[in-house]
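Have a look at the structure below, then the notes.
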Amino acid sequence: MNAEQAAAGDAGTPESRSAPVAAWSPVSWQSYPAAQQPVYEDAASLQAVLAELQRLPPLVTSWEILTLQQQLAEAQQGKRFLLQAGDCAESFADCASPLISNQLKVLLQMSLVLVHGLQMPVVRVGRFAGQYAKPRSADTETRDGATLPSYRGDNVNGTEFSVAARRADPQRLLQGHMHSALTLNFIRALTEGGFADLHHPEYWDLAWVEHSPHAAEYRRIVAEIGDAVRFMETLAGAPVASFSRAEFYTSHEALLLHAEQALTRQVPRQRGWFNLSTHLPWIGMRTAAPGGAHAEYFRGIRNPIAVKVGPEVKPHELLHLIDLLNPDDVPGRLTLIHRMGATRIASALPPLLQAVREADRRVLWVCDPMHGNGETLSNGVKTRRFANIRSEIEQSFDVHAANGTRLGGVHLELTGENVTECLGGARALNEQDLTRAYRSTVDPRLNYEQSLELALTVVHRVRQNSAAAPVG
Ligand code: PEP
Ligand code: CO
């Protein structure tokens, strides 16, 4: 077992489950081992930045957070489906109008396909407006004999391979907050102001995809929805307001605990503490140890929260984590995002599903088919094969069906840009194609066509399984 896998689950022992739980506060995580934190050379300037972050207005409100929790509770009951998707890592340079609107276009198109195909509302959660910190497998990177700290996301340091760029700079936390605010402001303005209007799905067309292999199927779905919208409005005798806007929620991996703490606030007329930097923070696989600082921080906030679950996690460890993070079994509180890899899911997932089902714990199961399917080509390029991504999604639906549980969502890394970072898909991108438009600074993302194809895959698989399910 490597260090990451150990961090992902093995710190939790059955003995520690019965240990008394100490009082929580926004700073109590500081008494626990915190993995993946940058080392800042100047403690005073970090403190000054955190004080400023603590003073600035937050990004989201407790009302929005609680509404999302309610919607996630409905997803747990099979009444909604979660689409959580966006960049692996946002960058300050990509905080620009077309990149943000193209991302929204893909998410809107995918959610349209899912709503139509699954016949249920979709909860749209972006990996955006704060996804600026990355966990890394190695603390350092070596190039041509020189070793420097790894790039940990724009909230920490820069991608350039130089001593200056790789130094952890606390000022970046403030820049991250500002860029998150700019991103979220634009997203809110677009989605409230008519961009997401179901009467105008042509607003979401991306210029470069006219000849997409999936265009015809997508156009057919749009036409059917157009008919349904007209029918409903004819019946109602007036425009239906909810057809002209779409709700988006934000999420990011809450990795840098000092910064998360600075955005953890109390609000009038609500008990407890909310992380007001995002609606749905998640704990990454590398920091999900029950004895670690991340679990301690997350257990005390009132947001709905998610945890990545890798193939090394044992059933008793998962139950321990559930006890810690959601002791009162609050509906909508806990989402478990499994990311096993196409070759491991069939063996790794069933014991976890059975354990949670037998313990009768309420969770929302979501499949991340991206992070267990990374590979590095002989030329050093990191990629993922579309066939493996699709296979993990399909297997997920089947494994849940076989174990009496429900897959309630997908978690994807994608972009609205015409990138060539993942191999395969309807256009059969090959290794040469990867050199054409590889832009990711971290993990390879799905492009628009591959994303739409996955949304169609979800619909086809759900329909196939429900056709095969016994009636009654
Ligand atoms: C991620 O979601 O970008 C990530 C690093 O995932 P995981 O924690 O599952 O490896
Ligand atoms: Co990633």
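Keep in mind the model is a prediction, meaning the values are calculated, not measured. Just so you know, ligand 1 is whichever comes first in the structure, and atom 1 is the first atom listed for that ligand.
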Sub-3.5 Å N/O-N/O distance, [X] and ligand 1:
X	result
Glu253	no
Asp368	no
Asp443	no
Trp282	no

Atom name, [X] (N, O or S, nearest to the Co ion (ligand 2)):
X	answer
His371	NE2
Glu413	OE2
Asp443	OD2

Does a side-chain N-to-carboxylate-O contact under 4.0 Å join [X] and [Y]?
X	Y	value
Asp443	Arg384	yes
Arg344	Glu392	no
Glu453	Arg390	yes
Arg427	Asp433	no
Asp139	Arg152	yes

Determine whether the side chain, the backbone, both or neither of Met285 has a heavy atom under 4.0 Å from any heavy atom of ligand 1.
both

Honestly, for Ala89 the part within reach of ligand 1 (heavy atoms, under 4.0 Å) is neither

Please report which non-hydrogen protein atom sits nearest to [atom], along with the residue it belongs to and the distance in Å to one decimal place.
atom	answer
atom 6 (O) of ligand 1	Lys308 NZ, 2.9 Å
atom 3 (O) of ligand 1	Lys134 NZ, 2.7 Å
atom 1 (C) of ligand 1	His371 NE2, 3.0 Å

Heavy atom of Met370, distance to ligand 1 below 4.0 Å:
no

Pull out every atom of ligand 1 sitting under 4.0 Å from any heavy atom of Glu413, numbered as shown with elements.
1 (C), 2 (O), 3 (O)

For Arg339, the atoms of ligand 1 under 4.0 Å from one of its heavy atoms are 7 (P), 9 (O), 10 (O)

Taking the six-membered ring for Trp, are [X] and [Y] parallel (under 30°), tilted (30 to 60°) or perpendicular (over 60°)?
X	Y	result
His258	Trp29	perpendicular
Phe248	Phe128	tilted
Trp365	His338	tilted

How about Thr420 and Arg436: does a side-chain donor come under 3.5 Å of a side-chain acceptor?
no

Taking atom types as modelled, find out whether Glu160 and Ser162 have a side-chain donor-acceptor pair closer than 3.5 angstrom.
yes

Min over Gln84, Arg127, Arg286 of heavy-atom distance to atom 10 (O) of ligand 1 lands on Arg286

So which of Pro135, Cys88, Gly310, Gly284 gets nearest to atom 5 (C) of ligand 1, if we judge by its closest heavy atom?
Pro135

Heavy-atom check, side chain of Leu318 versus side chain of Val307, under 4.5 Å:
no

